[in-house]
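Atom set for the values below is all heavy atoms of this structure, side chains included, hydrogens, waters and symmetry mates excluded. Count residues from 1 along the sequence.
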Amino acid sequence: MLDININETLGNLKLNVDTSIASDGVTAIFGPSASGKSTLLNIIAGFHLPHKKHSNAINFNGQSWLKNTATEPFFHRPIHQRRIAYVTQTACLFSHLSVEKNLQYAIDRRLMDTNKNGEFNNRINIDFNDICTRLKIHSLLAKFPEQLSGGEQQRVAIARALLSAPQLILFDEPLSALDENNREEVLHHLEQLHQAFRIPFLYVTHNLEELMRLADHVLLLKNGQLIANQPIGNILSDLSLPLSQQQNSGVIIEGPVALFDDEYQLLKLNLGNGHFLWISDANASTKPPHNIRIRVYAKDVSISLKAATQSSILNIIPAVISEISEVKNGQAIVKLNCDNHLLLSRITAKSIQQLGLVVGQSVFAQIKGIALLGAA
């Protein structure tokens with residue numbers, strides 16, 4: 001568990017965050033620019049020391065990293081004793097070292113720390129070849145950082161972070177400086193690493209797609225204040241929070257794959273109670289061995305009072321309207337409950353009026369299979 005009680009003032013920003021974060025999975029720190037995301041991350045890392053006149057505390061899995069109260073002496077655990085790795089917008093590789101030696105540096109530091117301090121003996125064993133294979137960097141080992149693309153540099157930086165076998169990895173908008181192709185490639189690798197390793201991630205972003213693809217839990221910041229600390233499913237579907245009102249708002253659905261249709265390249269996701277979602281997925285050749293996560297955007301969900309019998313839309317499932325947001329600019333968000341899975345539908349006020357939609361009403365949610373993203 002990561003317990004945080006931070007009170008810091010930087011110029012016009014007053015950062016006040018008092019909360020706890022589970023020390024597993026991916027926790028995203030999300031919010032608009034200048035909301036205090038990076039400042040909070042830097043305080044957790046130990047790079048930024050809060051003013052001693054304020055009361056502050058950070059504890060990670062029983063270790064005190066920062067303590068400053070009126071009744072106790074000031075304590076700040078040195079950065080190198082926190083066993084963290086930090087991946088920023090720029091890769092920050094050693095320019096005079098090859099990729100292989102950059103990676104070996106992380107391994108050497110890990111071994112040095114383990115030999116110096118017995119408390120590091122419980123490090124997770126991270127295999128060099130396995131990491132290189134997962135991040136597709138075997139062919140880069142002899143190159144120097146200046147010979148790599150931005151995406152390749154970030155993949156090496158992530159590999160180096162993992163090879164240090166930290167107890168926590170911090171990411172500060174690691175994809176923001178990449179072009180679309182490199183961003184997608186690195187994001188795909190992060191999704192796979194999220195499945196493969198049990199090292200907790202703290203991931204700063206203001207990108208909703210990254211949030212939906214990676215996060216298990218979310219800290220939502222605005223103007224330095226903690227607005228919400230909730231599981232990803234709850235925070236995306238909460239109509240009182242700003243995420244549901246964004247143009248690319250949506251939800252995630254996770255579940256087991258019932259079958260893979262090789263002929264039509266479709267996955268069949270089991271929703272329970274005899275209902276399924278067909279998902280177009282050209283990259284999957286076999287049924288995945290684990291639950292999958294898909295993104296369902298509100299703009300791709302329509303509502304019908306009756307189930308269509310002849311339609312190109314593959315997914316027509318029964319649902320109950322649980323909430324309707326306030327109409328703004330002629331549009332509203334409708335929250336739907338489908339077999340205990342939540343969906344959002346962005347529709348016009350005119351559609352609400354014509355269909356006579358009200359809370360508690362039984363309807364049908366319609367979703368194109370090709371609109372469901374992120375299955376693999």
Side-chain angles (χ1 to χ4, degrees), residues 1-89 119 161 166-174 194 198-207 210-211 214-236 238 241-243:
M1 185 70 70
L2 178 62
D3 299 308
I4 307 167
N5 185 0
I6 299 299
N7 302 279
E8 176 68 331
T9 300
L10 288 171
N12 295 326
L13 176 68
K14 292 185 178 180
L15 182 64
N16 301 110
V17 178
D18 185 2
T19 193
S20 296
I21 304 169
S23 55
D24 58 6
V26 178
T27 297
I29 303 175
F30 187 88
S33 297
S35 59
K37 304 185 300 296
S38 294
T39 299
L40 176 60
L41 203 68
N42 284 329
I43 293 174
I44 294 170
F47 294 133
H48 179 88
L49 186 63
H51 201 286
K52 293 183 180 180
K53 70 178 181 179
H54 299 302
S55 176
N56 294 282
I58 299 175
N59 292 279
F60 182 76
N61 288 347
Q63 302 172 4
S64 178
W65 287 3
L66 174 67
K67 181 170 60 177
N68 183 38
T69 68
T71 59
E72 298 177 283
F74 176 80
F75 174 76
H76 183 261
R77 182 179 284 262
I79 297 171
H80 68 277
Q81 293 182 7
R82 301 190 184 198
R83 281 185 54 202
I84 60 171
Y86 204 133
V87 180
T88 63
Q89 297 176 22
E119 73 177 85
Q167 59 180 349
L168 178 66
I169 302 183
L170 311 180
F171 292 90
D172 190 1
E173 305 208 54
H194 168 231
R198 293 181 296 171
I199 301 172
F201 292 178
L202 273 184
Y203 191 95
V204 165
T205 183
H206 64 270
N207 184 289
E210 292 176 29
L211 182 84
L214 296 175
D216 300 304
H217 212 89
V218 182
L219 296 188
L220 184 60
L221 297 183
K222 184 178 181 181
N223 298 325
Q225 306 302 304
L226 179 64
I227 304 301
N229 177 358
Q230 298 181 21
I232 179 68
N234 295 350
I235 210 162
L236 290 172
D238 190 334
L241 295 175
L243 296 185

Novice: Using the side-chain contact (heavy atoms from CB on, under 4.5 Å) rule, take I84 and W65 through it: C-alpha gap first, then chi angles, then the decisive distance, then the call.
Specialist: CA-CA 12 Å; I84 60 171; W65 287 3; 3.7 Å; yes

Novice: Backbone N or O of K14 within a donor-acceptor pair of the Q225 side chain at under 3.5 Å?
Specialist: yes

Novice: Would you check if the side chain of R77 reaches a backbone N or O of R82 as a donor-acceptor pair within less than 3.5 Å?
Specialist: no

Novice: Any side-chain heavy-atom pair from D172 and L170 closer than 4.5 angstrom?
Specialist: no

Novice: As an exercise, state the distance from CZ of F47 to OG1 of T88, rounded to the nearest 0.5 Å.
Specialist: 9.0 Å

Novice: Closest approach of N59 and S64, non-hydrogen atoms and distance?
Specialist: OD1-CA, 3.3 Å

Novice: Got a donor-acceptor contact below 3.5 angstrom from the K37 side chain to the G31 backbone?
Specialist: yes

Novice: Using the side-chain contact (heavy atoms from CB on, under 4.5 Å) rule, pick out the option among Y86, Y203, F201 that qualifies with I169.
Specialist: F201

Novice: Could you check whether any side-chain heavy atom of F171 comes within less than 4.5 Å of a side-chain heavy atom of L214, counting everything from C-beta outward?
Specialist: no

Novice: Can you confirm whether H206 is buried at NE2, in the sense that more than 12 heavy atoms of other residues, nucleotides or ligands lie under 6.0 Å from that atom?
Specialist: no

Novice: To the nearest 0.5 Å, what is the distance between CG on N56 and CG on N5?
Specialist: 7.0 Å

Novice: Before giving the answer on side-chain contact (heavy atoms from CB on, under 4.5 Å), spell out for S20 and D3 the whole-Å C-alpha distance, their side-chain angles and the decisive distance to 0.1 Å.
Specialist: CA-CA 4 Å; S20 296; D3 299 308; 2.6 Å; yes

Novice: Looking at D216 and V26, would you say the former's side chain and the latter's main chain have a donor-acceptor pair under 3.5 Å?
Specialist: yes

Novice: By side-chain contact (heavy atoms from CB on, under 4.5 Å), which residues pair with D238, not counting sequence neighbours?
Specialist: Q230, S240, L241

Novice: Stepwise, does the side-chain contact (heavy atoms from CB on, under 4.5 Å) test hold for L40 with I4?
Specialist: CA-CA 10 Å; L40 176 60; I4 307 167; 4.2 Å; yes

Novice: What pair of heavy atoms forms the shortest contact from A28 to A215, and how long is it?
Specialist: CB-CB, 3.8 Å

Novice: Specify the closest pair of heavy atoms between T205 and E173, including all atoms of both residues, with the distance to one decimal.
Specialist: CA-CG, 4.1 Å

Novice: Any chance you could measure I58, atom CD1, to I44, atom CD1, to the nearest 0.5 Å?
Specialist: 5.5 Å

Novice: Side-chain contact test, heavy atoms from C-beta onward, threshold under 4.5 Å: evaluate it for L10 versus E8 and give yes or no.
Specialist: yes

Novice: Ignoring hydrogens, what is the shortest heavy-atom contact between S35 and P32? Give both atom names and the distance.
Specialist: OG-O, 2.7 Å

Novice: For the residue pair H217 / N229, report whether a side-chain donor-acceptor contact shorter than 3.5 Å exists.
Specialist: yes

Novice: Closest heavy-atom contact between P50 and L66?
Specialist: CG-CD2, 3.8 Å

Novice: So, taking the atom named CD1 in I29 and the one named CD1 in I21, what distance separates them when rounded to the nearest 0.5 Å?
Specialist: 6.0 Å

Novice: At their closest point, which heavy atom of L13 faces which heavy atom of G36, and how far apart are they?
Specialist: CD2-CA, 3.9 Å

Novice: Hey, does L168 have a side-chain heavy atom less than 4.5 Å from the side chain of P200?
Specialist: yes

Novice: Within this structure, what is the CG-CG distance for the pair L15 and L226, rounded to the nearest 0.5 Å?
Specialist: 9.5 Å

Novice: In Å and rounded to the nearest 0.5 Å, what is the CG to CD1 distance from L219 to I227?
Specialist: 11.5 Å

Novice: Within the structure provided, determine whether L236 and L211 are in side-chain contact (heavy-atom separation under 4.5 Å).
Specialist: yes

